[in-house]
Amino acid sequence: MAWRPGPNLPAPNLENTMLPAIQVADDHARVRDEATLAAIRTECRYQLPGAIPDVWKRPDWQVVEQAFDLPDVYVSYIEVRTYAASTCIPIQCPRYDLYWLYLVRGAMDITTPDTRKALVTTTEKHYRVSYLPAGRYACSFGEGTHHIFYVVHKPKALFREESPELGMEATVISAVKTRLAVHAASYELSMQDGSAASILRFLRAPGNTYLRRSQSIMHLSLELVFIAHQTLLGHAEGKAIGAEWAEQLKAYINRCILEGTPITADSVAEQFRISAVYARRLFKTHHGETIGSYITRQKLELAVQLLQEGDPPVRVARYLGWTPAHFSRAYRAKFGHPPSQRHL
């Protein structure tokens, strides 16, 4: 996209200028008439002074982009209107880039251009930190209006040296640095972490002069980096805490079974003062099976040991907290024969 001067926008340093990080790959759809372009832009929810505008229009879709290309960062606000239940818009990334990609409104899938395999899926009020190699892609939308905001930090600004604040994105940053021919993305993050408020505050008042806009854009771009870092760090810490809790649940269950204490998912949750739903989800996430199935498996393993030591099936059943009939059914289902035939 050629640079066009806007109000109070000085000529750029060409060494620092970059192509749009994401652009519509349909040059025939580009609106070139300045009067039409201006008229369409006035229909946007947010009209950003000093932004570089571009419009693409087809019978079933329309894309309006307003972008700021600063020496260290590229910021883009895009409004997409689609008039079909499933609309696919071809796009291209002219260079490898790391995107802070936010869905202020609507939903979007970035897919491969041929197979339509989803590479990055983002829903309303959520965002992802995503790496896309240079190449052609497609954006899939449902019918309606979609508001997209993305930030790209230019390599000279962000990747001059390692930054511990970006440690959670090491894999994605490595992809950018080595220009791998594969995409990468963080999991979907909620914009309720503060990023929504920051973006909307900027869109409502980006600044009426170049210097004010530059200041607010740089502040916003760095703020979004740190918000994403804190959110990702919180997720990582949450996973670590969850894994520790899951181990404690498991140890408690094992102890109760060995001691012959009645144990259920509800009693485990009560012991740890958490909901039974959360206890079940936590255990399944970190141990790969439900609390109930784990209790049954552990009880049957203990039953084998007790039977080998000479305890009769009725006493073993009582110790496990089961009726003899239930114990016999569970044992047969697991080992293929009743506990009375344990020697076989």
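On a predicted model such as this, the values are computed, not experimentally measured, just so you know. Worth knowing before you read on, the calculation uses all heavy atoms, side chains too, and leaves out hydrogens, waters and symmetry mates.
The shortest non-hydrogen separation linking Pro90 to Asp26 is CG-CB, 4.3 Å. Closest non-hydrogen pair, Gly207 versus Arg213, comes out as O-CG, 3.0 Å. Of all non-hydrogen atoms in Cys44 and Val64, the two that sit nearest each other are SG-CG1, 3.4 Å. Nearest heavy atom pair, residue Ser76 against residue Glu65, reads OG-OE2, 2.7 Å. The two residues Arg136 and Pro113 have their closest heavy-atom pair at O-CD, 3.4 Å. Of all non-hydrogen atoms in Thr42 and Gln47, the two that sit nearest each other are O-NE2, 3.0 Å.
Taken to the nearest 0.5 Å, the NZ atom of Lys117 stands 13.0 Å off from the CG atom of Asp109. Between the CG atom of Leu37 and the CG atom of Asp33 there is a distance of 8.0 Å, given to the nearest 0.5 Å. Rounding to the nearest 0.5 Å gives a distance of 14.5 Å between OH of Tyr102 and CD1 of Ile78. To the nearest 0.5 angstrom, Ile295 atom CD1 is 8.5 Å from Thr290 atom OG1. In this structure, OG1 on Thr264 lies 9.0 Å from CD1 on Ile291, to the nearest 0.5 angstrom. To the nearest 0.5 Å, the span separating OG1 on Thr145 from NE2 on His147 amounts to 5.5 Å.
Within 6.0 Å of the CD atom in Gln248, the count of heavy atoms belonging to other residues, nucleotides or ligands exceeds 12. Heavy atoms of other residues, nucleotides or ligands lying less than 6.0 angstrom from CZ of Arg58 number more than 12. Around atom CD of Gln215, no more than 12 heavy atoms belonging to other residues, nucleotides or ligands sit under 6.0 Å away.
Checking Asp193, Leu103, Val151 one by one against Tyr127, the side chain to side chain contact (heavy atoms under 4.5 Å, CB included) holds for a single residue, Asp193. Checking each of Glu43, Arg45, Gln62 against Glu79 for a side chain to side chain contact (heavy atoms under 4.5 Å, CB included) leaves exactly one that passes, namely Arg45.
A donor-acceptor pair shorter than 3.5 Å cannot be found between the side chains of Ser198 and Ser195. Using a 3.5 Å distance cut-off with no hydrogens or angles, the side chains of Thr87 and Asp60 do not pair a donor with an acceptor. Side-chain contact check for Glu188 and Thr123: at least one donor-acceptor pair (N or O, by modelled atom type) lies under 3.5 Å.
Using bins of under 30°, 30° to 60° and over 60° for the plane-to-plane angle, the ring pair His326/Trp322 lands in the perpendicular bin. Ring pair Phe327/Tyr331 is perpendicular by interplanar angle, where above 60° counts as perpendicular and below 30° as parallel. Below 30°, between 30° and 60°, or above 60°: for Tyr252 and Phe272 the angle between ring planes is above 60°, a perpendicular geometry.
Although no hydrogens or angles enter the test, the distance criterion places a donor-acceptor pair under 3.5 Å between the side chain of Gln66 and the main chain of Tyr46. Using a distance-only test at 3.5 Å, with no hydrogens or angles considered, a donor-acceptor pair links the side chain of Thr285 to the main chain of Arg281. Of the possible donor and acceptor atoms, none in the side chain of Ser293 sits under 3.5 Å from a partner among the backbone N and O of Glu289. A donor-acceptor distance shorter than 3.5 angstrom exists from the side chain of Thr82 to the backbone of Gly142, with no hydrogens or angles considered. Judged by distance alone, the side chain of His126 and the main-chain N or O of Glu124 form a donor-acceptor pair under 3.5 Å. Of the possible donor and acceptor atoms, none in the side chain of His287 sits under 3.5 Å from a partner among the backbone N and O of Lys250.
Separation of the Phe68 and Tyr74 ring centroids does not fall under the 6.0 Å cut-off. A centroid separation of less than 6.0 Å is found between the aromatic rings of His153 and Trp100.
There is no path of hydrophobic side-chain contacts, each under 4.5 Å, that joins Val80 to Tyr83. Criterion: ILVMFWY side-chain heavy atoms under 4.5 Å apart, direct or through other members. Under it, Val277 and Val268 are not part of a common hydrophobic cluster. With hydrophobic clusters built from ILVMFWY side chains whose heavy atoms lie under 4.5 angstrom apart, Val316 does not share a cluster with Val314.
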Handout entry: Asp27 and Arg32: CA distance, side-chain angles, deciding distance, salt bridge (Lys or Arg N to Asp or Glu O under 4.0 Å) verdict
Key = CA-CA 10 Å; Asp27 199 53; Arg32 302 183 185 280; 2.7 Å; yes
Practice task
Give the intermediate values and the outcome of side-chain contact (heavy atoms from CB on, under 4.5 Å) for residues Ile110 and Met108.
Solution key: CA-CA 7 Å; Ile110 297 180; Met108 176 182 70; 4.1 Å; yes
Exercise for the section: Please assess Val63 against Val55 for the test side-chain contact (heavy atoms from CB on, under 4.5 Å), listing each intermediate value before the final yes or no. Expected result: CA-CA 6 Å; Val63 175; Val55 176; over 6 Å; no
Practice task
Under the side-chain contact (heavy atoms from CB on, under 4.5 Å) rule, what do Val31 and Trp56 come out as? Steps first, then yes or no, please.
Solution key: CA-CA 6 Å; Val31 176; Trp56 295 263; over 6 Å; no
Handout entry: Derivation of the side-chain contact (heavy atoms from CB on, under 4.5 Å) call for Ile148 and Tyr77
Key = CA-CA 6 Å; Ile148 304 161; Tyr77 169 66; over 6 Å; no
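Asp54 has no carboxylate O lying under 4.0 Å from a charged side-chain N of Arg41, or vice versa, which leaves the two without a salt bridge. For Asp266 and Arg280, the salt-bridge test passes: some basic side-chain N is under 4.0 Å from an acidic carboxylate O.
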